[in-house]
Every structure is written in structure tokens, then in C-alpha cells.
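Report on the structure given below.
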Amino acid sequence: MDRQFLMEIMEMNEKLAEAQSEAAMKEIESVVRVKQKELTDNVSRAFERDDFEKAKEILTKMRYFSNVEEKIKLKKIPV
């Protein structure tokens with residue numbers, strides 16, 4: 001996994017941990033959705049080209065964003 005991507009995920013997790021408002025969480029959620037859409041398009045193209053290594057790399061990135069999405073959902077649940 002490249003360092004820039006991991007830094008992006010770390011920063012997103014930090015912002016989410018610090019998010020106190022619904023608006024802040026919605027902003028993070030919006031960014032995650034855009035990234036997931038982009039990665040979905042990229043993984044489709046990788047599979048079309050039979051580039052399975054690239055597809056595997058993209059699917060791993062998607063899993064990281066999926067984890068962030070799950071944290072957002074958990075944070076929205078009132079305790």
C-alpha cells in the first residue's frame with residue numbers, strides 16, 4: 001500500500017474521530033462515497049483489462065474506505 005494513500009486514510013480517520021457535528025460527518029461521508037465510486041470504476045476497468053494485480057490493489061483500497069464508512073455509521077448511532 002502506498003504511503004500517500006495510507007496517510008489519506010489516517011487523516012480521514014482522525015477527522016472522523018474529531019467530528020462533533022452531523023455536518024462534519026456528512027462531509028467525510030461524501031468524500032468516501034466519491035472515492036468509492038472512483039475506485040469502483042477503476043476496478044471495473046482493471047478487470048476488463050485482465051489486470052488482476054491492479055484489481056487486487058484497488059479492492060484493498062476499497063476495503064479501507066469501507067471501514068471508514070462503517071465507522072461513520074457507528075458514530076451516527078446514538079448511545
Side-chain angles (χ1 to χ4, degrees):
M1 207 46 47
D2 66 77
R3 288 178 59 140
Q4 182 178 355
F5 173 76
L6 292 176
M7 289 297 294
E8 179 181 9
I9 292 295
M10 254 180 40
E11 288 173 12
M12 201 170 291
N13 277 313
E14 287 173 7
K15 284 182 183 177
L16 182 59
E18 295 168 1
Q20 297 298 318
S21 68
E22 182 73 21
M25 285 194 294
K26 283 188 182 288
E27 181 182 333
I28 297 165
E29 191 172 29
S30 176
V31 169
V32 170
R33 284 196 178 128
V34 168
K35 295 285 188 176
Q36 285 286 53
K37 169 74 171 102
E38 181 183 312
L39 290 169
T40 300
D41 293 344
N42 290 345
V43 79
S44 293
R45 282 194 294 277
F47 278 122
E48 287 169 5
R49 292 188 312 265
D50 292 332
D51 188 349
F52 300 115
E53 278 302 310
K54 186 67 173 175
K56 179 180 170 185
E57 175 187 323
I58 295 167
L59 288 169
T60 300
K61 288 181 178 183
M62 291 176 78
R63 191 174 319 126
Y64 277 94
F65 282 112
S66 179
N67 288 340
V68 173
E69 283 178 317
E70 190 61 32
K71 289 177 187 176
I72 292 168
K73 288 177 190 172
L74 291 173
K75 191 158 181 157
K76 285 183 178 181
I77 298 171
V79 178

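Along the sequence shown, the residues carry numbers beginning at 1.
- Partners of T60 by side-chain contact (heavy atoms from CB on, under 4.5 Å), not counting sequence neighbours, listed by chain and number: M1, Y64.
- Atoms CZ and CD1, on R45 and I58 in that order, are 8.0 Å from each other to the nearest 0.5 Å.
- Scanning for side chain to side chain donor-acceptor pair (under 3.5 Å) contacts around N13 gives K71, with sequence neighbours left out.
- Screening residues 6-46 for ring pair (Phe, Tyr, Trp, His ring centres under 6.0 Å), with sequence neighbours left out, gives no hits.
- Closest heavy-atom contact between V68 and L16: O-CD2, 4.0 Å.
- Among residues two or more places apart in sequence or in another chain, the side-chain contact (heavy atoms from CB on, under 4.5 Å) test is passed with S66 by Q36, E69.
- With sequence neighbours left out, D41 forms a salt bridge (charged side-chain N to carboxylate O under 4.0 Å, His left out) with K37.
- Every residue two or more places apart in sequence or in another chain that forms a side-chain contact (heavy atoms from CB on, under 4.5 Å) with E14 is listed here: M10.
- Closest of all the heavy-atom pairs between A55 and V43 is O-CG2, 3.8 Å.
- L59 places a side-chain heavy atom less than 4.5 Å from the side chain of F47.
- Judged as a salt bridge (charged side-chain N to carboxylate O under 4.0 Å, His left out), and not counting sequence neighbours, K75 has no contacts.
- Every residue two or more places apart in sequence or in another chain that forms a salt bridge (charged side-chain N to carboxylate O under 4.0 Å, His left out) with D2 is listed here: K61.
- Residues L6 and M62 share a hydrophobic cluster, clusters being chains of Ile/Leu/Val/Met/Phe/Trp/Tyr side chains in contact below 4.5 Å.
- Residue-environment remark: CZ (R49) exceeds the threshold of 12 foreign heavy atoms within 6.0 Å.
- When the side chain to side chain donor-acceptor pair (under 3.5 Å) test is applied to K76, the partners found at least two apart in sequence or on another chain are E29.
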Yes or no on side-chain contact (heavy atoms from CB on, under 4.5 Å) for M7 and I9, after CA distance, side-chain angles and deciding distance? CA-CA 5 Å; M7 289 297 294; I9 292 295; over 6 Å; no

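- Note on V34 and M25: separate hydrophobic clusters, where clusters join Ile, Leu, Val, Met, Phe, Trp and Tyr whose side-chain heavy atoms are under 4.5 Å apart, directly or indirectly.
- By the salt bridge (charged side-chain N to carboxylate O under 4.0 Å, His left out) test, E8 is found to be paired with K35, residues two or more places apart in sequence or in another chain being considered.
- The ring pair (Phe, Tyr, Trp, His ring centres under 6.0 Å) contacts involving residues 16-37 comprise nothing, where partners must be two or more places apart or lie in separate chains.
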Just do the salt bridge (Lys or Arg N to Asp or Glu O under 4.0 Å) check on K54 and E57 with the steps written out, would you? CA-CA 5 Å; K54 186 67 173 175; E57 175 187 323; 3.5 Å; yes

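- When all heavy atoms are compared, the tightest approach of F65 to L39 is CD1-CD1, 3.6 Å.
- Judged as a side chain to side chain donor-acceptor pair (under 3.5 Å), not a single pair has a partner in residues 16-25 (not counting sequence neighbours).
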